[in-house]
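Fair warning: this is a prediction, and the values are worked out from it, not measured in the lab.
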Amino acid sequence: MTQATGNISPSAIIGPDVVLGKNVTIRENVIIEGKVTIGDDCIFEPFCIVRGPTTIGKNNHFYQFCSIGEGCQDLKYAGEPTTLTIGDNNVIREHCTMHRGTVQGNGTTTVGSNNLFMVNTHVAHDCIIGNHCIFSNNATLAGHVTIDDYVVFGGLAAIHQFGRVGCHAMVGGMAALNMDVPPYVMAAGHYAKPFGINKVGLQRRGFSKEAISAIFNAYVFLYKKHLTIEEAIVEIEKLALEHSEVQPLVDFLKANGRGIVR
């Protein structure tokens with residue numbers, strides 16, 4: 001173990017390949033083993049388990065009974081040295097699980113910064129999660145899922161493998177996502193359907209009235225005009241020329257995915 005400074009409980013088990021940053025707090029009965037690098041000011045509450053190869057940034061708070069960097073649940077996984085990378089300033093509450101990637105996927109699972117993972121959330125292998133997201137209790141991500149910035153997941157919501165959720169989208173509690181959710185869209189239900197744009201979230205994040213209006217108009221083209229996706233993209237691209245906030249929606253629709261919620 002390489003340690004700068006910190007507060008480590010005598011009952012914690014820290015492997016020889018673990019590298020700790022400054023001012024790391026590791027409480028009772030924590031186990032950290034394998035090739036794990038932990039940034040400054042992280043906190044691990046009792047009974048957390050961290051396994052590597054895993055890289056954790058600065059100022060992350062892991063609450064009790066988290067399982068971080070474990071081998072994934074994919075039956076194809078055969079113990080290959082895949083990785084998990086976590087950014088800075090995340091709060092990971094009790095019983096959260098985050099698994100490493102697979103060689104069939106990206107080889108790594110990536111979690112950004114400034115996210116909140118509430119109790120019992122699950123991040124499966126090869127997921128890519130952006131920044132400033134909120135995952136409520138029991139939210140579940142299957143493998144190979146991509147979540148962009150500022151996404152909110154309600155409690156018990158779940159998304160199918162290879163699914164995508166665009167920036168500033170909101171997924172309702174208990175939603176079942178078998179299709180992609182475009183940026184700015186609110187989706188809910190089993191299976192999830194679109195229910196307008198996340199206007200309140202956009203207002204809270206400082207979007208102008210003009211930008212929100214343009215995003216709403218893009219939503220109308222996508223969902224209310226009975227256009228094909230290709231026809232809607234043409235109209236939404238025109239809006240994006242005047243309002244850059246619409247561009248993420250254009251990019252999302254042009255990318256390959258599972259198809260969008262309708």
Side-chain angles (χ1 to χ4, degrees), residues 1-74 77-103 106-141 143 153 155:
M1 177 183 69
T2 301
Q3 180 186 353
T5 60
N7 177 19
I8 300 177
S9 169
S11 65
I13 299 174
I14 312 296
D17 295 326
V18 175
V19 178
L20 300 180
K22 298 178 181 179
N23 196 37
V24 174
T25 298
I26 300 176
R27 304 202 193 279
E28 296 80 8
N29 300 302
V30 170
I31 299 174
I32 305 177
E33 58 187 6
K35 293 182 178 179
V36 177
T37 300
I38 297 171
D40 300 346
D41 301 306
C42 287
I43 300 173
F44 297 84
E45 301 293 355
F47 296 98
C48 287
I49 296 178
V50 182
R51 292 198 168 97
T54 293
T55 300
I56 298 172
K58 299 178 180 179
N59 196 40
N60 295 287
H61 192 166
F62 297 86
Y63 282 74
Q64 49 268 31
F65 303 105
C66 289
S67 177
I68 306 299
E70 186 59 85
C72 69
Q73 299 175 114
D74 191 322
Y77 181 69
E80 298 91 348
T82 54
T83 61
L84 167 67
T85 300
I86 299 173
D88 304 328
N89 307 312
N90 295 289
V91 175
I92 299 95
R93 294 302 304 246
E94 299 88 334
H95 299 280
C96 286
T97 53
M98 296 181 177
H99 290 169
R100 302 194 307 273
T102 64
V103 294
N106 300 318
T108 188
T109 301
T110 303
V111 175
S113 299
N114 300 293
N115 300 296
L116 169 59
F117 298 86
M118 295 188 193
V119 171
N120 208 44
T121 55
H122 175 62
V123 178
H125 60 88
D126 302 292
C127 285
I128 300 172
I129 297 175
N131 307 308
H132 302 283
C133 296
I134 298 173
F135 298 89
S136 299
N137 294 356
N138 297 285
T140 300
L141 309 183
F153 260 67

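- In the model, His122 has a side-chain atom that pairs as donor or acceptor with a side-chain atom of Thr97 under 3.5 Å.
- With rounding to the nearest 0.5 Å, the separation of SG in Cys42 from NZ in Lys22 is 14.0 Å.
- Side chains of Ile43 and Arg27 form a contact here, defined as non-hydrogen atoms less than 4.5 Å apart.
- Heavy-atom minimum distance, Leu20 versus Ile8: CD1-CD1, 3.6 Å.
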Pair Val123-Leu84, side-chain contact (heavy atoms from CB on, under 4.5 Å): steps then yes or no: CA-CA 10 Å; Val123 178; Leu84 167 67; over 6 Å; no
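- Of the options Asp126, Thr83, Thr102, a side-chain hydrogen bond (donor to acceptor under 3.5 Å, both in side chains) to Thr108 is made by Thr83 and by none of the others.
- Between Asn23 and Asp40 there is no side-chain heavy-atom pair separated by less than 4.5 Å.
- When atom types are taken as modelled, the side chain of Thr37 and the backbone of Val19 share no donor-acceptor pair closer than 3.5 angstrom.
- Here the SG atom belonging to Cys66 is positioned 7.5 Å from the CD atom belonging to Glu94, to the nearest 0.5 angstrom.
- Between the CG atom in Asn106 and the SG atom in Cys127 there is a gap of 9.5 Å [rounded to 0.5 Å].
- Using a 4.5 Å heavy-atom cutoff, the side chains of Met118 and Ile134 are in contact.
- Atoms CZ and CD, from Arg51 and Glu33 in turn, are 4.5 Å apart once rounded to the nearest 0.5 Å.
- The side-chain hydrogen bond (donor to acceptor under 3.5 Å, both in side chains) test with Asn60 is passed by exactly one of Asp41, Asn90, Asp88: Asn90.
- Between the CG atom in Asn120 and the OG1 atom in Thr140 there is a gap of 7.5 Å [rounded to 0.5 Å].
- Under the 4.5 Å side-chain criterion, counting only non-hydrogen atoms from C-beta, Phe117 is in contact with Ile129.
- Nearest heavy atoms, Val18 versus Gly34: CG2-O, 3.7 Å.
- For the pair Val30 and Phe44, the tightest heavy-atom approach, listed with the atom from each and the gap, is CG2-O, 3.9 Å.
- Scanning both residues, Arg100 and Pro53, for their nearest heavy atoms gives CD-O, 3.4 Å.
- Using a 3.5 Å distance cut-off with no hydrogens or angles, the side chains of Asn59 and Asn89 do pair a donor with an acceptor.
- For the residue pair Asn115 and His132, the shortest heavy atom distance occurs at OD1-N, 3.1 Å.
- A heavy-atom distance below 4.5 Å is found between the side chains of Phe153 and Leu141.
- Scanning for side-chain contact (heavy atoms from CB on, under 4.5 Å) contacts around Phe65 gives Phe47, His95, with sequence neighbours left out.
- Nearest heavy-atom pair across Gly101 and His125 is CA-CB, 4.0 Å.
- Between the side chains of Asn131 and Asn114, no donor-acceptor pair is found at a separation under 3.5 Å.
- The distance from atom CD1 of Ile92 to atom CE of Met98, rounded to the nearest 0.5 Å, is 4.5 Å.
- Side-chain atoms of Ser11 come within 3.5 Å of backbone atoms of Asn29 as a donor-acceptor pair (strictly under, hydrogens ignored).
- The side-chain heavy atoms of Val50 and Ile56, taken from C-beta on, include a pair separated by under 4.5 Å.
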